[in-house]
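First comes the structure, then the notes that go with it.
In what follows, chains carry the letters A, B, and so on, assigned in the order in which the sequence lines appear, proteins first and then strands, with residues in each chain numbered from 1.
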Amino acid sequence: MTGSLVGAASGGDAPGGLHERVLEWYSGAQRDLPWRRSDATAWGIFVSEVMLQQTPVARVLPVWVEWMTRWPEPTDLAADAPGEAVRAWGRLGYPRRALRLHSAAVAMTERHGGKVPMSEAELSTLPGVGAYTAAAVATFAFGERTVVVDTNVRRVIARAVTGDQYAAASPTRAEHTLATSLVPTDPDRARTWSVAVMELGALVCTARAPRCGECPISDLCRWQLRGRPAHEGPPRRGQAWAGTDRQMRGALLRRLRESPGPVPRAALEAVSDNALQRERCLDSLVADGLVEPLPRDLFQLPGSRGTS
DNA sequence: CACTCGTGGAA
DNA sequence: TTTCCAAGAGT
């Protein structure tokens, strides 16, 4: 019965199999996250999805609450300076996301009547919105039947269906086809399916130490049936950090974030003795629009008067 | 397609 | 202590 799992999923919603198990598990194990509640707005869901790109839930929570209080609608954020978005982003990492979120709010204000566009296709045109985020917002906020493929979904599919410990380094066509075949036909059921698989990957089918004893589909899992063989092939190299431009950019931006107003060049020079790298990074931050140079050797987070 | 882009907590 | 990696996107 090696094909039982895929077979049970044929058509996307065969009764009594994979879907029932996962959905039943989700109904009892799901976390109570504010952007999942019934009173969550499309804007709130949109913001949460961008913040959650490569950033853990625990770190996003307090920042998301602050953003929702300060900017309850896209028009509220659009009316504020992009630098304020960068400042309020805090230490979530990848601060260009804050800038793109602000740009997206401006686009919603100018082209979508101040609202989050409802279709996956329209969402895809917004800055900072890729395949995952467009699909996620379209289904979680608007109930459109989409194929949501994130790192959790990829890992669950790799194990349960393909039988590998980890998904490929980069998403494959076969993977997407497989994910598509698993999405239930009914849009509402598809929405719950997607969030449920993501939750399964986040809480049970984790990257390092999967809790197979708590998994609702462990007896169908091809990786489990194969004896949980270790990943084959070259080890995926981790992200270097010490001495990288990313670290330097982070240090510079932190210095700017901590000051309410413009910062003199000398203050930025105090961040690092490596002048060459420091200047290169400062230049790149300016090029990215994360830092705004002012007269008299002053620098600040981007203000509102500047044109995008 | 390969590479870059932050951050900090857990193992 | 070092390593891993978390609801990706853009180039």
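No engagement by A:Ala209 is indicated, since no non-hydrogen atom pair under 4.0 Å with the nucleic acid exists. Residue A:Gly130 is in sugar-phosphate contact alone, with no base atom involved, counting any heavy-atom pair closer than 4.0 Å across all strands shown. The residue A:Thr133 sits close only to the backbone: its heavy atoms come under 4.0 Å of sugar-phosphate atoms, none of a base. Backbone-only contact: A:Arg91 has heavy atoms under 4.0 Å from sugar-phosphate atoms and none from a base. Among the heavy atoms of the strands, none lies under 4.0 Å from A:Trp89. Within 4.0 Å of A:Arg257, counting heavy atoms only, lie sugar-phosphate atoms of the nucleic acid but no base atom. Using a 4.0 Å heavy-atom cutoff across all strands shown, A:Asp288 reaches no nucleic acid atom at all. Residue contacts for A:Ala207: at a heavy-atom cut-off of 4.0 Å it reaches the sugar-phosphate backbone alone, with no base atom in range. Among the protein residues, A:Ala131 comes within range of the sugar-phosphate backbone only, with heavy atoms under 4.0 Å from sugar or phosphate atoms but none that close to a base. Here A:Val60 lies out of heavy-atom contact (under 4.0 Å) with every strand.
Enclosure of atom CZ in A:Arg228 by more than 12 non-hydrogen atoms of other residues, nucleotides or ligands within 6.0 angstrom is indicated. Under a cut-off of 6.0 angstrom, the local environment of CZ in A:Arg173 is sparse, with at most 12 non-hydrogen atoms contributed by other residues, nucleotides or ligands.
Checking the phosphate oxygens (OP1, OP2) of B:dG6, a side-chain nitrogen or oxygen of A:Arg249 falls inside 4.0 Å. For the pair A:Arg59 and B:dG9, the criterion of a side-chain N or O lying under 4.0 Å from OP1 or OP2 is not met. For A:Thr151 and C:dA6, the shortest distance from a side-chain N or O to OP1 or OP2 is below 4.0 Å. Put simply, A:Gln54 has a side-chain N or O that comes within less than 4.0 Å of OP1 or OP2 on C:dG8. Here A:Arg100 does not reach the OP1 or OP2 of C:dG8: none of its side-chain N or O atoms lies under 4.0 Å away. Phosphate proximity of B:dG8 to A:Arg254: present, with a side-chain N or O under 4.0 Å from OP1 or OP2.
For A:Leu99 against A:Asp288, the heavy-atom pair with the smallest separation is CD2-O, 3.3 Å. For the residue pair A:Leu252 and A:Leu282, the shortest heavy atom distance occurs at CD1-N, 3.9 Å. Heavy atoms only, all atoms of each residue included: A:Met198 and A:Tyr132 are closest at CE-OH, 3.2 Å.
For the pair A:Leu92 and A:Pro171, both in contact range of DNA chain B, the more 5′-proximal nearest nucleotide belongs to A:Pro171. Taking for each of A:Val57 and A:Gly128 the nucleotide of DNA chain C with the nearest heavy atom, the 5'-most of the two is the partner of A:Val57.
Remark: C1' of C:dG8 and CG of A:Leu123 are 15 Å apart, rounded to the nearest angstrom. Rounded to whole Å, the distance from CG on A:Asp245 to P on B:dG6 is 9 Å. Remark: P of B:dC3 and CZ of A:Arg96 are 16 Å apart, rounded to the nearest angstrom. C:dA7 atom P lies 6 Å from atom CZ of A:Arg155, rounded to whole Å. For A:Trp241 and C:dA6, the CH2 to P distance is 17 Å, given to the nearest whole Å. What separates CG of A:Leu101 from P of C:dG10 is a distance of 12 Å, to the nearest Å. As rounded to whole Å, 15 Å separates atom C1' of C:dG8 from atom CG of A:Leu126. Distance OH (A:Tyr132) to C1' (C:dA6): 12 Å, rounded to an integer number of Å.
Rounded to whole Å, the separation between the P atoms of C:dA9 and B:dG8 comes to 23 Å. A distance of about 23 Å separates the P atoms of B:dC5 and C:dA7, rounded to the whole Å.
Between A:Gln277 and A:Asp245, the side chains place a donor N or O and an acceptor N or O closer than 3.5 Å (distance only, hydrogens not considered).
Of the candidate nucleotides B:dG6, C:dA7, C:dC5, B:dG6 has the atom nearest to the side chain of A:Tyr94. Nearest to the side chain of A:Arg246, among B:dT7, B:dC5, C:dC5, sits B:dC5. Here C:dA7 is the nucleotide among B:dG6, C:dA7, B:dC5 with the atom lying nearest to any side-chain atom of A:Leu33.
Between A:Arg191 and A:Asp188, at least one side-chain N (NZ, or NE/NH1/NH2) sits under 4.0 Å from a carboxylate O, which counts as a salt bridge.
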